[in-house]
Novice: 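Attaching a single structure in structure tokens format; questions to follow.
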Amino acid sequence: MNLITTKTALADYLSLVNDGMCALDFETTSLRPEDGKVRLVSLYNGAHGALVDFDPIPGGFAACASMFQRGEWIVFNAGFELRWFIAAGSPGVACKDVGYLRRAILGGGQYALKQLISWDLGREMDKTEQASDWADPDLTDSQLEYAYNDAVETWDLFQHWYGRADQDHLLAWQMFDDMVPAVIEMEEAGMLLDTHRHDRLIGEWTRIQNSKLAAINDIVTAQDVANVRSDSQWSDYLARLLDDNVIASWPRTEKTGQLSMKGEVLRNAAAQFDVAYPGNPLTTLLDSLADFKKVSKYLSSFGASLLQKAHASPDKRVRARFNIAAAKTGRFSCAGPNLQQIPRDNELLGEATSVRSSFVAAEGRRLVSFDYSGIELRVLALLAEDDQLLTDMVEGDVHSEVAAVIAGHPIDKSTPEGKKARTAAKGVSFGIIYGSGASGLAVNMRTTVEKAEEYIDFWATRYSNAFNYRHLMLAEATKTRRIRCVDGGTIYMGKKPELPQCANYPVQRAALSVMARALIRHKNTLDACRLRGEQAHTKIISTIHDAIIDETLLADASSCLSLMEQDMTDAYLDIFPEAPTERLVEGGVGTSWANL
DNA sequence: AGTCTTCGCGCG
DNA sequence: AAAGCGCGCGAAGACT
């Protein structure tokens with residue numbers, strides 16, 4: 001191993017790399033550039049290796065970062081390395097993530113380097129030095145060895161996957177890597193929580209929770225059910241209480257076979273008891289329990305935990321991780337908190353509740369957002385070259401067409417019944433996208449299998465190409481064990497591919513490809529604006545699968561809106577050139593997430 | 001005391 | 001042969 005402690009020696013090594021590809025790994029004194037330094041950089045490209053200690057170099061890593069502007073740096077978890085390059089004033093350094101290369105070939109997932117080295121190379125990594133003190137002036141041989149080894153393993157993993165990649169895989173790889181700067185922007189910006197408002201909201205939920213708890217305790221004692229939050233205790237209690245025939249038909253949980261305590265099951269049972277035994281306290285009990293569980297969900301998932309995260313940050317902003325291609329299909333996942341599961345405005349037990357209203361723009365600013373409307377049906381139409389489906393998406397109304405068949409006559413969207421029918425009809429098209437059969441659709445739409453078959457037949461006749469696309473994908477997966485996606489990547493479908501996944505993955509992936517391009521374009525657009533002194537305070541702050549949210553100065557809001565609309569439209573055309581863009585996106589400006 | 005599984009449920 | 005997709009999180013309970 002070549003230990004480098006001077007800038008000239010680093011320059012000599014970099015000339016050996018000669019602008020080619022080389023694995024790179026940092027050891028840093030903290031996890032964020034704001035409160036730490038890059039101590040070591042390990043480098044390895046198969047022919048040459050080096051370990052750079054920046055401690056003795058005047059100016060440290062920051063003084064050397066620009067030397068990496070040429071070359072392609074193979075890393076694991078590109079967002080981490082790129083953050084340090086950005087902090088050092090070199091945002092353009094090419095960090096190429098070996099994990100994203102793997103995802104371009106196999107489909108998405110979430111894993112650590114150690115796991116991949118074990119699964120893909122069959123080697124075990126010793127990570128005991130990972131959390132050691134990288135600020136110590138005198139690093140141990142073991143630390144140096146560990147640091148160097150990471151670059152070697154990263155390189156070998158890269159070779160493993162690079163050798164299995166075709167030209168199209170490389171396009172998907174590039175797409176994932178290109179998303180990183182936009183993701184860093186979102187993760188650093190975070191979303192501002194109106195803590196006072198949210199505090200009041202929690203107070204309202206708590207009052208509801210207490211009243212429901214009181215109603216439950218009026219009927220059930222602690223001897224019957226010690227812990228009201230325990231589904232298994234409720235299952236035991238009801239199993240003792242109810243008649244055998246009721247127990248026999250009660251839905252069960254999948255693994256343990258307990259009585260299901262889903263809200264829907266409880267409410268159905270309550271309604272049935274109300275008919276069979278009017279005035280029976282069991283009706284009140286089951287309804288109160290369903291209410292209690294609902295409000296408890298809100299309190300535990302969207303209450304104090306969000307408030308606590310906001311209070312923990314000096315600017316009252318909530319910062320999540322957006323994990324690129326963490327889902328098998330390539331979609332983002334989001335965690336810590338998961339901002340992609342914040343409830344939409346709805347009625348919580350008769351009262352309007354809006355969690356999204358607690359997410360606000362800062363003083364003098366606005367939130368700007370667009371989303372793609374019906375993106376999955378659109379991309380299905382384009383992937384399957386189904387002109388009828390595309391026409392209905394662009395000019396007509398797919399859901400109303402299906403609703404008319406269900407109703408047996410044309411429906412009027414302006415009436416409440418018409419609206420309801422249309423909403424129900426959405427289930428049919430989603431069922432197709434999800435690869436559903438008639439039985440699954442029947443359950444979901446609460447109708448008979450015969451009716452469900454009728455709906456599917458209609459769909460299959462009117463949109464025959466889109467319907468057949470599912471079977472084409474199943475055939476491809478059965479033959480190759482992979483599905484080739486619109487961005488060039490492939491998804492490994494296992495040894496026994498199944499229709500539901502084969503039907504859905506390429507569609508969900510295509511929607512992600514469009515969003516990926518949108519984020520890449522929008523980040524580039526905003527960066528270009530900033531160079532001209534425009535949109536200086538605009539940040540991308542979130543994406544929720546088919547939507548982007550920016551926060552911007554009030555004065556910049558309307559132009560930000562136009563930029564976003566254009567970027568999202570252009571992104572769609574990147575993936576589907578020539579596709580019609582009418583009614584593709586809808587969005588607006590607001591002071592909170594709820595009023596966009 | 002920490003880790004894992006199961007269930008249920010929020011989102012697209 | 002049967003099959004509605006993809007996530008993350010909180011709580012309970014089992015296990016180590």
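In the text below, chain A, chain B and the rest are named by the order of the sequence lines, each starting its count at 1.
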Novice: Consider the side chain of A/Gln501, meaning its heavy atoms from C-beta on, and name the nucleotide among B/dC9, B/dT6, C/dG6 that approaches it most closely.
Specialist: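 Nearest listed nucleotide: C/dG6.
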
Novice: Looking at every heavy atom in both A/Glu565 and A/Val585, which two are closest together, and how far apart are they?
Specialist: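 So the two residues come closest at CG-CG2, 3.8 Å.
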
Novice: Students often get this wrong, so: under 4.0 angstrom with heavy atoms, is A/Pro500 touching a base, only sugar-phosphate, or nothing?
Specialist: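 Answer is base: heavy atoms of A/Pro500 come under 4.0 Å of a base.
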
Novice: Is any side-chain nitrogen or oxygen of A/Thr256 closer than 4.0 Å to OP1 or OP2 of B/dC7?
Specialist: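 Checking A/Thr256 against B/dC7: at least one side-chain N or O falls below 4.0 Å of OP1 or OP2.
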
Novice: Under 4.0 Å between a side-chain N/O of A/Thr253 and OP1 or OP2 of B/dC7, yes or no?
Specialist: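 Indeed, a polar side-chain atom of A/Thr253 lies that close.
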
Novice: Hey, does A/Leu441 reach any base, or is it just sugar-phosphate, or nothing, if we go heavy atoms under 4.0 Å?
Specialist: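 It contacts nothing in the nucleic acid.
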
Novice: Distance check needed: B/dG10 C1' versus A/Leu201 CG, whole Å only.
Specialist: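 So the two atoms are 15 Å apart, to the nearest Å.
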
Novice: Any side-chain N or O of A/Gln508 under 4.0 Å from OP1/OP2 of C/dC7?
Specialist: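 So the side-chain polar atoms of A/Gln508 never come under 4.0 Å of the phosphate oxygens OP1 or OP2 of C/dC7.
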
Novice: Minimum heavy-atom separation for A/Thr581 to A/Tyr572, with atom names?
Specialist: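 What the structure gives for the nearest pair is CG2-CD2, 4.1 Å.
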
Novice: Could you give the CG-to-C1' distance, from A/Leu377 to B/dG12, as a whole number of Å?
Specialist: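 So the CG-C1' distance, A/Leu377 to B/dG12, works out to 13 Å.
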
Novice: Within the 4.0 Å heavy-atom criterion, would you say A/Glu376 contacts the bases, only the backbone, or no part of the nucleic acid?
Specialist: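 Answer is nothing: A/Glu376 stays at 4.0 Å or more from every strand.
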
Novice: For A/Phe332, answer base if it contacts any base atom (sugar-phosphate contacts may also be present), sugar-phosphate if it contacts only those atoms, and nothing otherwise; contact means non-hydrogen atoms under 4.0 Å.
Specialist: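 Answer is nothing: A/Phe332 stays at 4.0 Å or more from every strand.
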
Novice: Using whole Å, what does the distance between atom P of nucleotide B/dG8 and atom NZ of A/Lys297 come to?
Specialist: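 Atom-to-atom, A/Lys297 to B/dG8, this comes out as 12 Å.
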
Novice: Counting just side-chain N and O atoms, does A/Ser230 come under 4.0 Å of either OP1 or OP2 of C/dA11?
Specialist: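 For A/Ser230, the contact criterion (side-chain N or O under 4.0 Å from OP1 or OP2 of C/dA11) is not met.
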
Novice: Counting side-chain heavy atoms from C-beta on, which of B/dC7, C/dA3, C/dC9 comes nearest to A/Asp231?
Specialist: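 The nucleotide sitting nearest to the side chain is B/dC7.
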
Novice: How is A/Gly108 classified with respect to the nucleic acid when contacts are heavy atoms under 4.0 Å: base, sugar-phosphate, or nothing?
Specialist: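 Since no nucleic acid heavy atom lies under 4.0 Å of A/Gly108, the category is nothing.
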
Novice: Please give, in whole Å, the distance from C/dC7 P to A/Leu339 CG?
Specialist: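 Rounded to the whole Å, the gap is 18 Å.
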
Novice: Would you call A/Glu264-A/Arg446 a salt bridge at under 4.0 Å N-O?
Specialist: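 A salt bridge is present here (some side-chain N lies under 4.0 Å from a carboxylate O).
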
Novice: Can you measure A/Asp345 atom CG to B/dG12 atom P for me and round it to whole angstrom units?
Specialist: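 Computing the A/Asp345:CG to B/dG12:P distance gives 11 Å.
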
Novice: Just N and O in the side chain of A/Lys294: are any of them under 4.0 Å from OP1 or OP2 of B/dG10?
Specialist: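 Answer yes for this pair, as a side-chain N or O of A/Lys294 is under 4.0 Å from OP1 or OP2.
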
Novice: Let's see if you can work this out: which of C/dG10, C/dC9, B/dG12 has an atom nearest to the side-chain heavy atoms of A/Gln341?
Specialist: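 Nearest nucleotide to the side chain: C/dC9.
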
Novice: Under 4.0 angstrom, heavy atoms only, what part of the nucleic acid is A/Ser296 near: base, sugar-phosphate, or nothing?
Specialist: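 The residue A/Ser296 makes no contact with any strand.
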
Novice: Under 4.0 Å, heavy atoms only, any strand: does A/Lys262 hit a base, just the sugar-phosphate, or nothing?
Specialist: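 Answer is sugar-phosphate: A/Lys262 comes under 4.0 Å of backbone atoms only.
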
Novice: Select one nucleotide: of B/dG8, B/dC11, C/dC9, the one nearest the side-chain heavy atoms of A/Ala335.
Specialist: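 Out of B/dG8, B/dC11, C/dC9, the nucleotide with an atom closest to A/Ala335's side chain is C/dC9.
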
Novice: Has A/Asn338 got a side-chain N or O lying under 4.0 Å from the OP1 or OP2 atom of B/dG10?
Specialist: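 Checking A/Asn338 against B/dG10: no side-chain N or O falls below 4.0 Å of OP1 or OP2.
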
Novice: Describe the nucleic acid contact of A/Arg356 in one word from base, sugar-phosphate, nothing, applying a heavy-atom distance below 4.0 Å.
Specialist: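 The residue A/Arg356 makes sugar-phosphate contact but no base contact.
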
Novice: Using a heavy-atom cut-off of under 4.0 Å over every strand shown, decide if A/Leu499 touches base, sugar-phosphate, or nothing.
Specialist: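 Base contact - A/Leu499 has a heavy atom under 4.0 Å of at least one base atom.
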
Novice: Please tell me if A/Gln340 has a side-chain N or O lying less than 4.0 Å from either OP1 or OP2 of C/dC7.
Specialist: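 Checking A/Gln340 against C/dC7: no side-chain N or O falls below 4.0 Å of OP1 or OP2.
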
Novice: Would you state whether a donor and an acceptor, one from the side chain of A/Arg331 and one from the base of B/dG12, lie under 3.5 Å apart?
Specialist: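 Yes.
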
Novice: Counting distance only, does the side-chain N/O of A/Asp97 pair as donor-acceptor with the main-chain N or O of A/Asn77 below 3.5 Å?
Specialist: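 Yes; at least one donor-acceptor contact below 3.5 Å.
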
Novice: Considering only C/dC5, B/dG8, B/dC7, which nucleotide approaches the side chain of A/Asn504 most closely?
Specialist: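 Among the listed nucleotides, the one closest to the side chain of A/Asn504 is C/dC5.
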
Novice: Shortest non-hydrogen contact from A/Asp546 to A/Met568?
Specialist: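 Here A/Asp546 and A/Met568 meet closest at O-CE, 4.2 Å.
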
Novice: Is any side-chain nitrogen or oxygen of A/Tyr505 closer than 4.0 Å to OP1 or OP2 of C/dC5?
Specialist: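 For A/Tyr505, the contact criterion (side-chain N or O under 4.0 Å from OP1 or OP2 of C/dC5) is not met.
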
Novice: Side chain of A/Asp546, heavy atoms from C-beta onward: which of C/dG10, B/dG12, C/dC5 has the nearest atom to it?
Specialist: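 The answer is B/dG12, which lies nearest to the side chain.
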
Novice: To check you understand the geometry: which heavy-atom pair defines the closest contact between A/Ala547 and A/Met515, and what is its length?
Specialist: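 Between these two residues, the closest heavy atoms are N-CE, 3.4 Å.
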
Novice: On DNA chain C, nearest-nucleotide positions of A/Thr329 versus A/Arg321: which is more 5'?
Specialist: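 The answer here is A/Thr329.
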
Novice: A/Ile544 has a side chain; which of C/dA11, B/dG12, B/dG10 sits nearest to it?
Specialist: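 The closest nucleotide is B/dG12.
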
Novice: Might you point out which heavy atoms bring A/Ser369 and A/Ile548 nearest each other, and give the distance in Å?
Specialist: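 Taking A/Ser369 first and A/Ile548 second, the nearest heavy atoms are OG-O, 2.9 Å.
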
Novice: Round to a whole Å and report the spacing from CG of A/Leu474 to P of C/dC5.
Specialist: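 After rounding, the reported distance stands at 14 Å.
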
Novice: When all nucleic acid strands are considered with a 4.0 Å heavy-atom cut-off, which category describes A/Gln233: base, sugar-phosphate, or nothing?
Specialist: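 The answer is sugar-phosphate, as A/Gln233 gets under 4.0 Å only of primed atoms, P, OP1 or OP2.
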
Novice: Ignoring hydrogens and angles, tell me if any N or O in the side chain of A/Gln340 forms a donor-acceptor pair with the backbone of A/Thr543 under 3.5 Å.
Specialist: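 A pair under 3.5 Å: yes.
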
Novice: Take the protein atom CZ of A/Phe292 and the nucleotide atom C1' of B/dC9, then report the distance between them rounded to whole Å.
Specialist: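 After rounding, the gap between these two atoms is 15 Å.
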
Novice: Return the value, rounded to whole Å, for the distance between atom CD of A/Glu264 and atom P of B/dC7.
Specialist: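 Nearest whole value for this atom pair: 17 Å.
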
Novice: Quick one: is B/dC9 close enough that its OP1 or OP2 comes under 4.0 Å of any side-chain N or O from A/Ser301?
Specialist: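 No, no such contact exists.
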
Novice: Touch check for A/Asn227, heavy atoms < 4.0 angstrom, all strands: base, sugar-phosphate only, or nothing?
Specialist: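 The residue A/Asn227 makes sugar-phosphate contact but no base contact.
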
